[in-house]
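One structure is given below, encoded as structure tokens.
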2 protein chains.
Amino acid sequence: MNTLPGDARLPRYQQLRDHMVEQIANNRWRPGEAIPTEAALASEFQMSVGTVRKAVDVLVAEGVLERQQGRGTFIRRPQFQSSLFRFFRFESANGARVVPESRILSIEPLPAPSAVAAALGLAAQTEVIRIVRLRLLGAQPVLAEEIWLARQTFQPLLEVELDRKGPLLYPIYETLCGQVVAYAEETLTAESVDAVQGRLLQLPEGSPVVVIERLARDYAGKPLEWRRSRGHAQHFRYRIDIR
Amino acid sequence: MNTLPGDARLPRYQQLRDHMVEQIANNRWRPGEAIPTEAALASEFQMSVGTVRKAVDVLVAEGVLERQQGRGTFIRRPQFQSSLFRFFRFESANGARVVPESRILSIEPLPAPSAVAAALGLAAQTEVIRIVRLRLLGAQPVLAEEIWLARQTFQPLLEVELDRKGPLLYPIYETLCGQVVAYAEETLTAESVDAVQGRLLQLPEGSPVVVIERLARDYAGKPLEWRRSRGHAQHFRYRIDIR
DNA sequence: AAGTGGTCTAGACCACACA
DNA sequence: GTGTGGTCTAGACCACTTC
């Protein structure tokens with residue numbers, strides 16, 4: 001038995017939803033784990049199973065939870081490497097999808113430029129870490145990325161050989177820095193590549209490139225990472241259903 | 001009282017959902033109209049209100065219906081002109097969003113090229129209508145569009161002065177041809193503009209443009225229109241939330 | 001067989017729209 | 001006030017997973 005915090009004017013299923021998000025944000029439940037059964041939650045918070053189901057429905061629709069009939073309901077671990085696949089077609093010679101390798105060109109602490117500080121919600125000049133890296137298929141560069149992180153939180157990254165740890169950063173954030181990326185906002189634009197980026201991507205200056213800016217947040221909504229990725233427009237294809 | 005058609009092994013709420021989609025597809029209910037109340041549907045199909053609510057929930061999530069507390073549940077009329085706003089920022093001098101004007105450059109019947117026939121689900125060489133038009137803000141072209149329609153269904157378009165009827169085609173399809181666009185699939189790509197399109201858009205050859213291909217369908221899923229729009233990448237910005 | 005989520009019921013009361 | 005959708009209850013039984 002327990003009582004729900006939060007605004008009592010809200011529907012009870014919303015209060016429960018908010019409470020569960022908070023549990024996840026506070027690492028009470030970890031990604032991949034099962035939450036208590038619907039019956040257990042109903043009895044803990046003195047509500048009917050139907051109300052619990054409605055709260056869970058909301059979180060499933062938001063992509064936070066995942067139901068598995070007969071097994072339980074689990075905290076979903078977001079699959080962010082799929083993000084690039086939504087935008088860029090990276091395929092090996094036989095047509096299988098491939099995660100491009102990663103080559104880190106630089107990683108260094110520096111005072112935050114004002115745009116980065118604003119995006120990450122930091123005071124101007126706060127120390128941040130900038131990572132510049134290339135993503136490659138074989139020898140061919142396909143994406144150039146700039147990644148910005150608060151130094152205070154991500155200091156451990158400066159003390160390891162990142163390139164040894166594979167192309168995906170978010171699992172590293174989780175194991176090394178205890179930070180879980182839960183949501184992200186992405187903005188797509190397109191532009192003509194400049195000389196610097198063109199050299200990185202081995203494209204003639206003026207070639208069309210697609211730019212993806214991403215702000216990644218934890219379950220509590222706190223900004224963790226800001227990154228800007230540029231890729232050759234020729235690999236870019238994005239499909240969407242509208243109504 | 002009534003019985004539901006369809007696969008009786010499916011959950012009853014799914015059967016009701018399918019039935020309602022069929023009603024809409026057959027123009028039994030028109031966009032903007034209210035569907036029967038939940039209580040009426042429950043008694044008509046001999047199920048509880050909770051089951052009706054679940055069927056309606058699904059259709060609301062799919063964007064087909066819209067609930068209005070205290071008023072009723074309505075067939076949603078899709079607002080497709082907002083599609084371009086999702087991708088391109090068209091603003092007047094004072095920052096307000098504007099629907100670009102339309103200037104039709106050509107409209108003519110011709111045998112379907114094979115790619116168009118495939119997209120529209122027509123036999124090769126079926127007669128189709130091709131519309132080429134520019135979208136402009138003031139004197140400035142911002143989008144160039146190619147639009148393909150089955151001639152048999154859209155013949156009335158050839159017999160009117162389309163430019164007199166405003167920049168939005170879908171309301172015209174509805175009033176003149178009785179066709180309601182319900183869903184669409186869009187594919188985004190980017191490329192360097194060629195000489196022909198560059199002249200239309202008043203851009204130097206090689207400038208980056210974003211290409212949107214759209215296949216629009218009616219409620220029954222039948223393809224109605226295939227179009228390809230090109231716009232200057234500088235106006236392109238698309239934001240998305242991921243999890 | 002036991003435990004989980006999935007479907008469904010029949011009712012209650014609340015919040016909002018509208019005449 | 002009447003009618004609509006919105007919330008919530010307390011059960012029942014089904015389908016699937018796991019032991």
Side-chain angles (χ1 to χ4, degrees), chain A residues 1-21 23-24 29 31-76, chain B residues 1-20 23-24 29 31-77:
Chain A
M1 244 188 283
N2 212 329
T3 62
L4 283 168
D7 191 336
R9 293 167 305 179
L10 260 42
R12 303 191 68 193
Y13 75 86
Q14 278 289 359
Q15 297 178 40
L16 177 57
R17 177 220 163 267
D18 294 348
H19 174 258
M20 288 200 282
V21 167
Q23 298 292 299
I24 300 168
W29 303 324
E33 286 180 15
I35 63 171
T37 69
E38 299 179 345
L41 288 168
S43 106
E44 177 174 3
F45 297 106
Q46 307 255 66
M47 56 179 68
S48 82
V49 177
T51 304
V52 173
R53 284 188 67 76
K54 179 124 188 181
V56 173
D57 281 345
V58 172
L59 289 171
V60 168
E62 289 174 3
V64 174
L65 297 181
E66 190 174 5
R67 284 200 167 100
Q68 295 188 35
Q69 178 169 157
R71 303 216 318 122
T73 301
F74 301 82
I75 312 286
R76 193 173 152 211
Chain B
M1 243 187 282
N2 213 329
T3 62
L4 283 170
D7 192 336
R9 292 168 305 180
L10 261 41
R12 305 191 68 193
Y13 75 88
Q14 278 289 358
Q15 296 178 41
L16 177 57
R17 176 221 165 267
D18 294 347
H19 174 258
M20 288 200 282
Q23 298 293 297
I24 300 169
W29 302 324
E33 286 180 14
I35 63 170
T37 68
E38 300 179 343
L41 289 168
S43 108
E44 177 175 3
F45 297 107
Q46 307 253 69
M47 56 179 67
S48 82
V49 177
T51 304
V52 173
R53 284 187 68 76
K54 178 125 189 182
V56 173
D57 281 345
V58 172
L59 289 171
V60 168
E62 288 175 4
V64 174
L65 297 180
E66 189 175 6
R67 284 201 168 102
Q68 294 188 34
Q69 178 167 160
R71 302 215 319 122
T73 301
F74 300 83
I75 313 286
R76 190 172 155 210
R77 189 185 302 276

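Quick caveat, the model's predicted, so the values are computed rather than measured.
A/R53 has no side-chain polar atom (N or O) that falls below the 4.0 Å cut-off from OP1 or OP2 of D/dC8. Remark: B/R67 is not in phosphate contact with D/dT4, judged by side-chain N or O atoms under 4.0 Å from OP1 or OP2. For A/T73, a side-chain nitrogen or oxygen approaches OP1 or OP2 of C/dG5 to under 4.0 Å. Within the 4.0 Å cut-off from OP1 or OP2 of C/dG3, not a single side-chain nitrogen or oxygen of A/R71 is found. OP1 or OP2 of C/dC8 has not a single side-chain nitrogen or oxygen of B/Y13 nearer than 4.0 Å. Considering only side-chain N and O atoms, B/T51 lies under 4.0 angstrom from the phosphate OP1 or OP2 of C/dT9. The phosphate of D/dT7 has OP1 or OP2 within less than 4.0 Å of a side-chain N or O from A/K54.
In this structure, the CD atom of B/E38 is 10 Å from the P atom of D/dT4, given to the nearest Å. In this entry the distance linking CD of B/Q14 with C1' of D/dA15 reads 16 Å, nearest Å. A straight line from CG of A/D57 to P of C/dG5 spans 12 Å, rounded to a whole angstrom. Distance B/F74 CZ to D/dG5 P: 8 Å, rounded to the nearest Å. Atoms CG (A/L10) and P (C/dC14) sit 18 Å apart, rounded to a whole Å. When the C1' atom of C/dG5 is taken as reference, atom CG of A/L41 falls 13 Å away, rounded to whole Å. Spacing between atom CG of A/L65 and atom P of C/dG5 amounts to 11 Å, rounded to whole angstrom units. Rounded to an integer number of Å, the gap from B/Q69 CD to D/dT4 P is 13 Å.
Annotation: the span from B/I24 atom CD1 to B/R76 atom CZ amounts to 12.5 Å, rounded to 0.5 Å.
Closest of all the heavy-atom pairs between B/A42 and B/S48 is CB-C, 4.0 Å.
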task: For the pair B/L16 and B/F45, evaluate side chain to side chain contact (heavy atoms under 4.5 Å, CB included) and give the outcome as yes or no after the intermediate values.
output: CA-CA 8 Å; B/L16 177 57; B/F45 297 107; 3.8 Å; yes
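When each of A/R12 and B/T37 is assigned the nucleotide of DNA chain D bearing its nearest heavy atom, the one mapping closer to the 5' terminus is B/T37. The nearest heavy atom of DNA chain D to A/G70 and to B/G70 marks one nucleotide each, and the one closer to the 5' end goes with B/G70.
With a 4.5 Å cut-off on side-chain heavy atoms, B/V58 and B/Y13 count as touching.
Between A/E38 and A/R67 there is a salt bridge, since a side-chain N of the basic residue sits under 4.0 Å from a carboxylate O of the acidic one.
Checking C/dG6 for Watson-Crick or G-U wobble geometry (two distances, each under 3.5 Å) identifies D/dC13 as its partner.
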